[in-house]
Amino acid sequence: MKRTAPAKKKTARVTIRDVAKDAGVSVAAVSKVLRDAYGVSENLSLKVRASMKKLGYRPLASARGMRGRTYTLGLIFPDLRNPFFADIYAGINSALERTQYQAMQGVSPTATALIEAMIDRQMDGLILIGPNEELEMLIETAERTPLVAIGQHDSSGDAFDTVNNDDKLGARLVVQHLMKNGFRNIAMLSVSEPASTVVHHRELGYCAEMTDQQCADFIHIVRAPQVARDVQVAVRRLLESKNRPEALFCWTDLMAFEAISVATELGLGIPDDIAIVGYDNTIFCDFAQNALTSVDQSGELLGLQAARLVVERINGRTNAEHLVITPRIVARNSSHPRSPHQD
DNA sequence: TTGCGCCCTATTAATAAATC
DNA sequence: GATTTATTAATAGGGCGCAA
């Protein structure tokens, strides 16, 4: 029995053809208006835009993708809990505001599957934030799609662009600041897994400055998995130990807040019993109960530059740019000089 | 099951038409 | 005649229908 052919699905979607017909111009003319391409009169542009508005036309990303552009960027964040990533996101958004590009986000500590998914969906370029992938893998990805990494210090050659803050300098600034305020026995709270190049650089900076300040004997790095419970256990052990440090440099604000919480629970005064410094200068540093000294690495600027670079890559730039932003310390109560009547 | 050809939608190179 | 503006035809990757 002959099966009746299914009725041809009538696409409700308005296409460039419908717009062209309505405006009385060619589809190519509409395409040019869409892309702000050269060779379109003001008059024609107005006509086309009026028709697009009237018909509610939206360009179809997949169809644009066939010709090489979807005007979509993929952002991959390692997690959503750290408010620092919101600063980066704000920067990316403000850079894209005046462009046709839209950013789509994904969240995964191991970006590999998400990278594939975004390439499958024909994203024009990717911005990876704090990627933990092997350098090899990043380079291989960069061969397939324009790529910019924020927070990746390994030398990538020309394969992809990087945007970083000077993490070694940031850590040095912390040590210098604490020394200036009278703290010499400074421990560092770091992360064990996954160990990104960012963590590594902060540890290097901490060690280098401690050595330069003749305090190499005090160098003490505590590494905990980036899980609230594990951090609390590690901090508690450190603060309860016989040779408790005078100050604790935490590799992110998020860890510093954990440290503040544990210190408070133990009845320790901040900064008289233990000074605490974070990194990222996230909004919660300003809250009175935290008053956390931190390093500002301007997440917004990092995001803004990354977005600019990836669009440049998409437009054909092949040589790499490696931007480094200078961090600055923002002092608050958590690291003020200790009260004079302390021993 | 395989393979051909068409369709989907938007862009672009080549070309034609309009304007100064 | 030169320059600007708009059109036509070719094209992209993958899904789908149809014939072999």
Side-chain angles (χ1 to χ4, degrees), chain A residues 1-76 92-93 95-106 108 111-128 133 137-148 158-161 306-319:
Chain A
M1 190 163 66
K2 197 173 160 107
R3 199 179 302 171
T4 45
K8 192 172 161 95
K9 207 164 107 193
K10 181 103 171 74
T11 38
R13 188 168 194 108
V14 178
T15 69
I16 198 170
R17 201 174 311 255
D18 301 317
V19 176
K21 198 172 169 194
D22 186 81
V25 300
S26 72
V27 290
V30 178
S31 172
K32 285 185 166 194
V33 172
L34 274 174
R35 292 171 290 117
D36 283 324
Y38 174 81
V40 180
S41 67
E42 185 65 25
N43 187 33
L44 183 140
S45 178
L46 283 174
K47 262 198 313 193
V48 170
R49 285 181 201 285
S51 292
M52 289 197 290
K53 192 168 179 192
K54 186 174 113 194
L55 301 175
Y57 170 77
R58 299 287 309 155
L60 188 65
S62 63
R64 293 180 127 181
M66 277 187 231
R67 300 293 299 185
R69 292 265 177 114
T70 59
Y71 295 93
T72 314
L73 300 181
L75 315 183
I76 300 182
I92 292 172
N93 261 350
L96 297 182
E97 226 167 42
R98 292 168 305 281
T99 74
Q100 291 211 40
Y101 287 91
Q102 289 292 329
M104 302 279 170
Q105 296 80 45
S108 170
T112 318
L114 218 41
I115 288 173
E116 293 304 325
M118 287 188 167
I119 292 175
D120 290 348
R121 283 158 185 75
Q122 295 182 293
M123 305 261 163
D124 291 344
L126 300 181
I127 299 177
L128 307 186
E133 276 61 38
M137 192 272 175
L138 294 177
I139 291 174
E140 189 204 300
T141 303
E143 281 165 6
R144 294 193 290 154
T145 187
L147 181 69
V148 177
D158 272 346
F160 59 90
D161 301 332
R308 180 179 67 76
L309 290 178
V310 79
V311 171
E312 278 182 23
R313 279 256 175 200
I314 291 164
N315 288 333
R317 178 169 54 77
T318 52
N319 62 304

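Chain identifiers are assigned alphabetically (A, B, ...) following the order of the sequence lines, protein sequences preceding nucleic acid strands; residue numbering begins at 1 within each chain.
Using modelled atom types, one side-chain atom of A/Glu133 and one backbone atom of A/Ala111 make a donor-acceptor pair closer than 3.5 Å. Under a 3.5 Å cut-off, the side chain of A/Arg317 and the backbone N or O of A/Asn319 do form a donor-acceptor pair.
Closest to the side chain of A/Ala28, from the set C/dT8, C/dA6, B/dT11, is C/dT8. Closest to the side chain of A/Leu34, from the set B/dT11, B/dT9, B/dT12, is B/dT11. Ranking B/dT9, C/dT7, B/dT11 by closeness to the A/Lys32 side chain, first place goes to C/dT7. In the set C/dA6, B/dT11, B/dT9, C/dA6 carries the atom at the smallest distance from any side-chain atom of A/Leu44.
Within 4.0 Å (heavy atoms only), A/Ser26 reaches at least one base atom of the nucleic acid. Looking at heavy-atom distances under 4.0 Å, A/Arg17 makes contact with a base. Using a 4.0 Å heavy-atom distance criterion, A/Val25 is classed as a sugar-phosphate-only contact.
When rounded to the nearest whole Å, the span between CG of A/Leu60 and P of C/dA12 equals 19 Å. The CD1 atom of A/Ile16 sits 17 Å away from the C1' atom of B/dC7 (whole-angstrom rounding). Atom CZ in A/Arg58 sits about 11 Å away from atom P in B/dA10, given to the nearest Å. One atom, CD of A/Gln122, and another, C1' of B/dC8, lie 13 Å apart when rounded to the nearest Å. For A/Tyr71 and B/dT9, the OH to P distance is 19 Å, given to the nearest whole Å. Summarising the geometry, the separation between CE on A/Met52 and P on B/dA10 is reported as 11 Å, rounded to the nearest angstrom. Rounding to whole angstrom units, CD1 of residue A/Ile119 and P of C/dG14 are separated by 14 Å.
Considering only heavy atoms from C-beta on, A/Leu128 stays 4.5 Å or farther from A/Val148 through its side chain. Looking at A/Arg313 and A/Asp161, their side chains come closer than 4.5 Å, going by heavy atoms from C-beta outward.
Taking side-chain N and O atoms only, A/Ser31 has no distance below 4.0 Å to OP1 or OP2 of B/dT12. In this model, the phosphate group of C/dA12 is not approached by any side-chain N or O of A/Arg64 to a distance below 4.0 Å at OP1 or OP2. OP1 or OP2 of B/dA10 has at least one side-chain nitrogen or oxygen of A/Tyr57 nearer than 4.0 Å.
Using a cut-off of 4.0 Å between Lys/Arg side-chain N and Asp/Glu carboxylate O, A/Asp36 and A/Arg49 are scored as salt-bridged.
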